[in-house]
Amino acid sequence: MTAHIRPVCAVWVGMVCLVFCSRLSGMKAASICGNAQAECHFLSLANLFDRVIQHSARMHGISNDLHSEFELYFLPSKNQVSRVGRNCHTSNILTPNGKENAQRIEREELTEVIMKLLAAWRDPLWHFHQSVARNHRFNGYGSNKSLEMSDMAHELRKGVQKVVEKMQTLGVISNSVGGLASPEALLAADGSGWRFMKDSDLLYCFRRDSNKIQNYLKILKCRIVPEHGC
Amino acid sequence: MKKAEGVIILWWLLFFTLHAEGTSYSLPGKPTLTNCRSPEKETFTCWWEPGSDGGLPTTYHLYYRKESSDAVHECPDYRTAGKNSCFFNKNDTSIWINYNITVVATNARGSTFSDPVEIDVVYIVKPNPPEKVTANVSWNKSWPSLRVSWDPPQKADTRSGWITLIYELRIKLEGEDKWEEHPAGQQKMYNIYSLQSGGTYLVQVRCRPDHGFWSEWSDSTYFKVPDYFPQERSIWIIIMIFSVFIFLILIWAIHMNSHTLKHHILPPVPGPKIKGFDKQLLKSGKSRDAFSSLVGSDFPPTTTNYEDLLVEYLEVYIPEEQGLMLEEGKDLHDGSLKSKSYTSDSDSGRGSCDSHALLVDKSEEEKEVGQKSNQQGGRTEMDLKRPEESPEENILNYSHANVGSPDVSCEKVKTWPSLFSPLTENSSGPLDQPDSPEMAKQHCLSDSLFPPSPLSSPFAPPGHKEVLGSNYQEYSFGNLHPQTGSHQYLRAHGNMNVANIGHKGVPADLQLPPVRSTEYVEVQKVNNENMVLLYRVSSDVEKGCPGRRHTEEYSRLKGVNNDNGLLLLQRMVSEEEMNICPYEDQESSGLTDSGYTTSTAQKSTAYIPPATQVLDERVAGGYVDTSMFTLPIY
């Protein structure tokens with residue numbers, strides 16, 4: 001009797017461990033389903049995309065609010081001419097400016113553009129927040145918003161990073177897509193043109209760029225996982 | 001003259017200059033860009049408002065400049081969008097780029113520039129209304145629900161994710177003014193549940209991009225909600241008919257049994273039933289006849305035979321100066337004292353016992369008692385008080401005349417004088433002097449002419465009175481009832497002197513001693529031979545016959561008969577005592593002499609009838625009249 005018990009116990013323990021581990025791994029992928037593995041992965045990618053898109057939408061909303069508030073209180077004079085001379089520091093990043101262009105571009109390139117944009121705004125946003133906090137330009141509301149905006153940009157970067165990794169693991173996009181450490185990203189981040197921007201221009205530029213990011217993410221999602229809400 | 005001419009010339013000049021203004025050519029007025037809109041974020045259109053044309057044909061041109069470029073371009077398409085518009089097609093449209101647009105109005109005289117407008121196409125998107133709005137009514141458990149579905153505007157490319165649209169719909173009943181709006185998010189269909197059956201509704205849908213303007217409302221889609229299924233109504237009709245049917249049956253059943261139901265629900269109140277009383281006679285108005293049955297034929301007594309009339313009374317009356325009081329144990333509950341006062345006396349204070357006749361006839365009483373008792377014969381009964389009465393109560397009873405209760409005072413006693421209720425040893429209740437005549441108890445033993453009814457004493461005097469010249473032989477029985485424990489005395493009064501009012505044949509020379517105290521005979525003990533040894537109890541109040549007080553008088557208990565009756569032997573009064581208390585002697589002699597006819601065999605046996613139930617109870621509780629004793633009941 002005892003001779004049987006030990007191997008049985010070992011097998012049982014092994015099975016329990018297997019189940020446990022598989023569960024854990026499944027949870028990493030945030031799997032909702034339990035059926036076919038391929039469907040599961042795509043579904044989880046769509047879920048990731050949705051979350052990222054929501055995040056970017058929220059970020060854009062904040063930037064929109066800040067911008068309108070800034071214009072309302074700090075630019076009463078409608079000096080529209082000066083705007084034309086505005087030059088965002090991210091203008092060197094080639095971004096598709098139309099639907100055809102955006103649909104023509106490769107998904108990897110699109111992903112890269114997103115990544116570059118997000119990378120380019122990390123420092124300026126933090127700087128902007130510091131400036132606002134220091135100079136007491138805005139009221140408390142504005143200061144909180146700027147901090148939130150900065151944090152969200154940061155988180156969005158991480159989220160997009162995860163999506164990229166997911167896509168790469170799934171083989172949706174090639175591994176040529178550079179991460180945060182890619183040279184393009186570094187180049188963009190090094191650009192110090194943003195330091196000389198005025199706060200109003202900075203807000204204006206970021207509002208636009210956040211819109212771009214959101215739109216690009218949507219396009220990417222509907223290109224990769226079109227069956228879920230496109 | 002010159003002046004007049006100058007004025008005229010001036011006037012002419014003025015006139016012409018004024019006229020000339022209307023027709024002069026000038027620069028065109030300043031045009032204004034009203035708005036620019038993009039329906040799908042791929043093309044956009046700008047409209048402007050022209051100013052005055054300055055009297056000359058004016059042309060308008062739109063120029064724009066893109067951000068970060070100094071090249072000025074002119075509007076590619078002035079026609080597509082209508083007059084005073086500029087349409088930018090896809091090739092010319094760039095998103096996320098600022099456009100600086102200016103309209104220039106030009107005529108022969110010159111050009112006028114409008115104010116520049118900067119736009120970014122992303123923020124001027126106003127899509128077309130949604131298309132193909134359909135409304136489907138469906139039934140969900142007899143409740144109508146509406147499903148509205150639509151398509152996004154054709155030009156807006158939502159499939160590629162280029163534009164994200166948010167929808168909103170509104171609905172209203174036909175003829176109403178107020179719309180009911182429902183935000184629908186990004187979904188392309190919507191369910192509505194709050195619908196009226198049989199109503200016609202209008203529904204409209206509109207959309208907007210996440211950062212843009214709302215579209216116009218789509219064209220109204222009409223739909224009608226059909227009425228509920230007739231099945232439901234038919235079911236209700238069947239139910240109604242059924243219930244009506246049942247209701248009718250119920251009504252009929254109730255009607256059939258209305259009488260019994262009435263009896264059940266409202267039981268008839270039993271009317272008063274007076275024996276011999278005929279309601280109908282009363283109703284008919286013949287009151288005389290109706291009451292005739294109530295009125296005893298032999299009442300008022302027509303006979304002059306007082307012996308027949310009178311119930312054997314023991315009436316005790318003590319005038320105020322006299323202190324003798326016959327106290328009588330009161331037995332309210334039990335009609336043991338049944339003394340019916342003599343008829344005609346009806347004053348409440350004193351009762352029938354108190355009457356002149358009584359006083360006068362007191363001398364006759366003693367003699368008559370026995371006769372009366374005799375006559376009463378079978379009717380007599382001795383009612384003994386219950387021993388349950390507490391001694392205290394009895395004391396009270398003795399000392400306080402029960403003025404207010406006619407029942408007690410002269411209750412009808414058949415022939416027997418009532419037994420005193422037992423008194424405690426320390427009480428000298430029966431012998432207490434009453435404070436007032438009201439306090440005195442009137443003890444009336446009356447022989448009833450009426451059918452024996454325990455408590456009926458319509459003529460009972462309310463008050464008690466002391467027995468005048470009561471010549472009692474008091475028999476007190478020890479409480480044979482072992483339970484009570486206290487040595488209770490049963491005081492028996494032979495109220496011989498009281499008994500009969502108006503009794504004839506009373507010797508005139510019999511004078512009642514003014515004060516007579518009640519005398520008690522106390523039961524000493526019960527010996528083995530079932531004899532109750534009695535001895536006279538001394539009384540404080542007794543004024544007459546002191547000698548008598550000291551003697552002990554016994555009534556020997558002869559025995560207990562079969563019916564649990566006590567047989568007492570009449571004590572023979574000694575001569576000595578008779579001398580002292582002549583009245584009493586006479587009384588007692590009267591007792592002896594009087595025809596205890598039926599008791600010839602026994603000298604004098606006091607027979608306590610079994611009707612008094614338990615002997616013990618009764619014996620302790622009331623008077624035992626010696627005369628009663630000597631009379632056999634049956």
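The figures here come from the full heavy-atom set of this structure, side chains too, leaving out hydrogens, waters and symmetry mates. Chain letters run A, B, ... following the sequence lines, proteins first and then strands; every chain starts at 1.
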Test side chain to side chain contact (heavy atoms under 4.5 Å, CB included) applied to B/Asp210 and A/Gln214, step by step = CA-CA 11 Å; B/Asp210 42 7; A/Gln214 184 184 0; 3.5 Å; yes
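- Surrounding NE2 of A/His154 are at most 12 heavy atoms belonging to other residues, nucleotides or ligands under 6.0 Å away.
- Atom CD of B/Glu181 has more than 12 neighbouring heavy atoms from other residues, nucleotides or ligands inside a 6.0 Å radius.
- Annotation for B/Trp179: atom CH2 counts as buried by contact number, over 12 foreign heavy atoms lying within 6.0 Å.
- Under the disulfide (SG to SG under 2.5 Å) criterion, no residue pair touches residues 101-159 of chain B, with sequence neighbours excluded.
- Summarising the geometry, atom CD1 belonging to B/Ile97 is positioned 7.5 Å from atom OG1 belonging to A/Thr95; distances are rounded to the nearest 0.5 Å.
- Here salt bridge (Lys or Arg N to Asp or Glu O under 4.0 Å) pairs that include residues 122-135 of chain B, with residues two or more places apart or in two chains, are B/Lys126-B/Glu216.
- Close approach to chain B, defined as a heavy atom under 4.5 Å from one of its heavy atoms, is seen in A/His60 of residues 52-63 of chain A, taken by number.
- In this structure, B/Asp120 does not pair ionically with A/Arg207, as no charged nitrogen and carboxylate oxygen lie closer than 4.0 Å.
- The stretch residues 157-169 of chain B places B/Asp157, B/Thr158, B/Arg159, B/Ser160, B/Gly161, B/Trp162, B/Thr164 near chain A, each with some heavy atom under 4.5 Å from a heavy atom of that chain.
- Checked against the 6.0 Å centroid criterion, the rings of A/Tyr204 and B/Trp96 do not qualify as a close aromatic pair.
- In this structure, B/Gln186 CD and A/Cys230 SG are separated by 9.5 Å, a value rounded to the nearest 0.5 Å.
- Side-chain contact between B/Lys41 and A/Lys99: absent, with no pair of heavy atoms (C-beta onward) separated by less than 4.5 Å.
- Applying the 6.0 Å contact sphere to CG of B/Asp219 captures no more than 12 heavy atoms from other residues, nucleotides or ligands.
- More than 12 non-hydrogen atoms from other residues, nucleotides or ligands lie less than 6.0 angstrom from CD of A/Glu155.
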